[in-house]
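Model, not experiment: these values are computed from the prediction. Letters A, B, ... are given to chains in the order of the sequence lines, protein chains preceding strands, and every chain is numbered from 1.
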2 protein chains.
Amino acid sequence: MSKAARAGYLRETSAMSEILVNMRYDGPERTIAERAYRLLREDIISGALAPGLKLKIEMLRTRYGLGAAPIREALARLSSDHLVKLEGQRGCEVVPMSVADARDIGNMRKLLEVEALRISIGNGDEEWENALAAAFHRLERLERTIDQGIDDLAEWETLNHQFHKALVAACDSAWLLRMRQLMFDQHERYRRLSRVKTVATRDISLEHRALFEAALDRDAEKAVTVMETHIGRTTDAVVHTFARHELAEEALRHKEA
Amino acid sequence: MSKAARAGYLRETSAMSEILVNMRYDGPERTIAERAYRLLREDIISGALAPGLKLKIEMLRTRYGLGAAPIREALARLSSDHLVKLEGQRGCEVVPMSVADARDIGNMRKLLEVEALRISIGNGDEEWENALAAAFHRLERLERTIDQGIDDLAEWETLNHQFHKALVAACDSAWLLRMRQLMFDQHERYRRLSRVKTVATRDISLEHRALFEAALDRDAEKAVTVMETHIGRTTDAVVHTFARHELAEEALRHKEA
DNA sequence: GTCAACAAAAATATCGATATTTTATTTCTC
DNA sequence: GAGAAATAAAATATCGATATTTTTGTTGAC
């Protein structure tokens, strides 16, 4: 009897309960491949797997304690998400990052999120308002405690994510929401990498409040304007920090040579 | 010595030269998994693999004469492209189609293609104009020969694809182009399924000409208006044909029961 | 010393076999 | 006969081994 025979391919681990806590819940994971997908995805977005890093199967196998087949499947999926780049017979790597890409992603996110917001505000019912208010207050509560530990930063990302999601939740276009989510995640990778400390700045908190109020007032134009500023500023901050980051790496490379 | 030993995993087939002819060329295929990805993708978009169809590995293995591993990898990639739906421990299926989805995709394609067009017209240089003119004339030549055989229809799709691509080619947002392409492909699946014969109608040909001329005149607003009508009409035709298609299937199901 | 040809090592892509889960079928009970 | 429980069949997900390609390292020629 193999080790897995007792509890199936996907045996429970302590980490699994954490999914529920740190939720961006997406239904239970039924296969190891799904777990591999989630783990890799999180590590790429969080920056734990650095941009440009060569993803060798053996390395990932030991890192996650999973077999090669599920990891391969996860990498294939991530390549279509544009988080991993497959290179023919030459393995794969974490998609590199660049200032130009940061700008592009920021603009794209703006385009999609603004459109979704407009529709959502038009469609939202009472239930939507309630969920939005809840998400806003959770986020605001955290933002009031200014001292941002490293844990708080991750939690802030989650709450921020949920607030933005709640804003557009009443949008009835599945495709628009799907693409918005894609760009939000791509954007998040940049936010995390550049460790935008400005994250909990009073400005951002105020923008969140303005967004919230405009949404409840059903003032779509106001909300759109605020959202555009909001995303624009985030992007600017990211680009700014990231440009320095790139310079620093450049310098480092020169020093090595 | 195994069968593959003489020519490597990916041995040449007669079908391979066809890639170049029926081109949406994407670089040479270095692995069987890539070939599987392309084949499956084409068959899903063309409708050869029907929406909702359960994709059993064994069936695909014999259909394409490939091993299970590459097929599995292809399915994983297609799931992130939203052409295949993975269902936990229960295999996968071709993503189903619906009238609502057709509308959603049409609107999304409109949003993205219009935005890309605006930027492209603003940026396009002489080289862009030349390529656009070439694409337009190839398409127009075909559209003049009204008698649309089944082969012509596939060729029309290719030329239409290339014309639209040429229009937005000068857009400098990689992400916008990527997403536009995604929606174009999704839209194509609906166009093909509903076999929109209206495809070569005088109207559409005229719209193409109007698009072409507005683009060369750098009249972005005009081009955008035409594009919106153009995509809107295509979507309407698709929705119309597809709605009947759905009704027919409904009726069929009742008759069976 | 540099470059090319060659050999050794590492890593990938693929296959075939196995364990597991789902689905279909049969058997039993009422 | 209908429905539940048990069983058999089919299909999936995963593993371990193998073939192949890429990369690295070495040797020899100039």
Side-chain angles (χ1 to χ4, degrees), chain A residues 1-13 16 27-40 49 52-80 84-95, chain B residues 1-13 16 27-40 49 52-80 84-95:
Chain A
M1 193 197 281
S2 89
K3 219 191 326 183
R6 254 191 304 168
Y9 280 134
L10 191 70
R11 51 199 181 287
E12 178 125 7
T13 69
M16 284 183 75
E29 283 162 11
R30 309 180 74 92
T31 67
I32 300 180
E34 276 167 29
R35 184 149 92 216
Y37 176 70
R38 176 178 56 83
L39 291 171
L40 272 162
L49 294 172
L53 180 70
K54 188 87 199 302
L55 292 172
K56 302 205 185 117
I57 300 287
E58 191 50 35
M59 184 268 270
L60 299 174
R61 258 176 55 75
T62 59
R63 180 184 177 109
Y64 299 110
L66 304 174
I71 287 178
R72 230 153 187 308
E73 184 170 328
L75 290 171
R77 289 177 63 181
L78 289 165
S79 80
S80 276
V84 161
K85 191 175 163 207
L86 301 180
E87 325 203 53
Q89 202 77 251
R90 240 162 277 150
C92 45
E93 62 174 40
V94 178
V95 169
Chain B
M1 194 196 282
S2 88
K3 220 189 332 180
R6 255 192 302 169
Y9 280 135
L10 191 70
R11 53 199 179 288
E12 178 124 8
T13 70
M16 284 181 75
E29 281 162 11
R30 309 180 74 92
T31 68
I32 300 180
E34 277 167 28
R35 183 148 93 215
Y37 176 69
R38 175 177 56 83
L39 290 171
L40 273 162
L49 294 171
L53 179 70
K54 188 87 199 302
L55 293 172
K56 302 203 186 120
I57 299 288
E58 191 51 33
M59 183 270 269
L60 298 175
R61 258 174 55 75
T62 59
R63 178 183 177 109
Y64 299 110
L66 304 175
I71 287 178
R72 226 149 193 309
E73 184 170 327
L75 291 171
R77 289 177 64 181
L78 289 165
S79 80
S80 276
V84 161
K85 190 172 164 211
L86 301 181
E87 324 203 53
Q89 203 78 249
R90 241 162 276 153
C92 43
E93 63 174 41
V94 178
V95 169

C/dA11 C1' sits how many Å from A/E87 CD, rounded?
-> 14 Å

Starting from C1' on D/dT20, measure out to CD on B/E29 and report it in whole angstrom.
-> 18 Å

Could you tell me whether the side chain of B/S79 and the main chain of B/A76 form a donor-acceptor pair under 3.5 Å?
-> yes

Calculate the interatomic distance between A/I71 atom CD1 and D/dA13 atom P; express it in whole Å.
-> 17 Å

Contacts of B/G91 and A/Q89 projected onto DNA chain D by closest heavy atom; the upstream (5') one is B/G91

Kindly point out which of C/dT14, D/dT21, C/dT23 is positioned nearest to the side chain of B/R90?
-> C/dT23

Nearest whole angstrom, please: distance from the P of C/dT12 to the CG of A/L86.
-> 12 Å

Hey, what do you get for CZ (A/R77) to CG (B/L75), rounding to the nearest 0.5 Å?
-> 11.5 Å

Check the distance between C/dT14's C1' and B/R35's CZ and give it to me in whole angstrom.
-> 13 Å

Would you kindly give the CZ-to-P distance between A/R72 and C/dA13, to the nearest whole Å?
-> 4 Å

Take B/I71 and B/L55 through the side chain to side chain contact (heavy atoms under 4.5 Å, CB included) test and state the conclusion after the steps.
-> CA-CA 10 Å; B/I71 287 178; B/L55 293 172; over 6 Å; no

Under 3.5 Å, side chain of A/Q89 to main-chain N/O of B/R30, donor-acceptor pair present?
-> yes

Looking at the side chain of B/T31, which of D/dC15, D/dT12, C/dA13 is the nearest nucleotide?
-> C/dA13

When you measure from the side chain of A/R30, which nucleotide among C/dT22, D/dA13, D/dC15 comes out closest?
-> C/dT22

Roughly, in whole Å, what's the span from CD in A/E73 to C1' in D/dT14?
-> 10 Å

Winner on side-chain proximity to B/P70, out of C/dC15, D/dA13, D/dC15, is C/dC15

At under 4.0 Å between heavy atoms, what does B/L55 touch on the DNA or RNA strands: base, sugar-phosphate, or nothing?
-> sugar-phosphate

Side-chain touch B/T31/A/L86, heavy atoms, less than 4.5 angstrom | no

Please give, in whole Å, the distance from D/dA10 C1' to B/L60 CG?
-> 16 Å

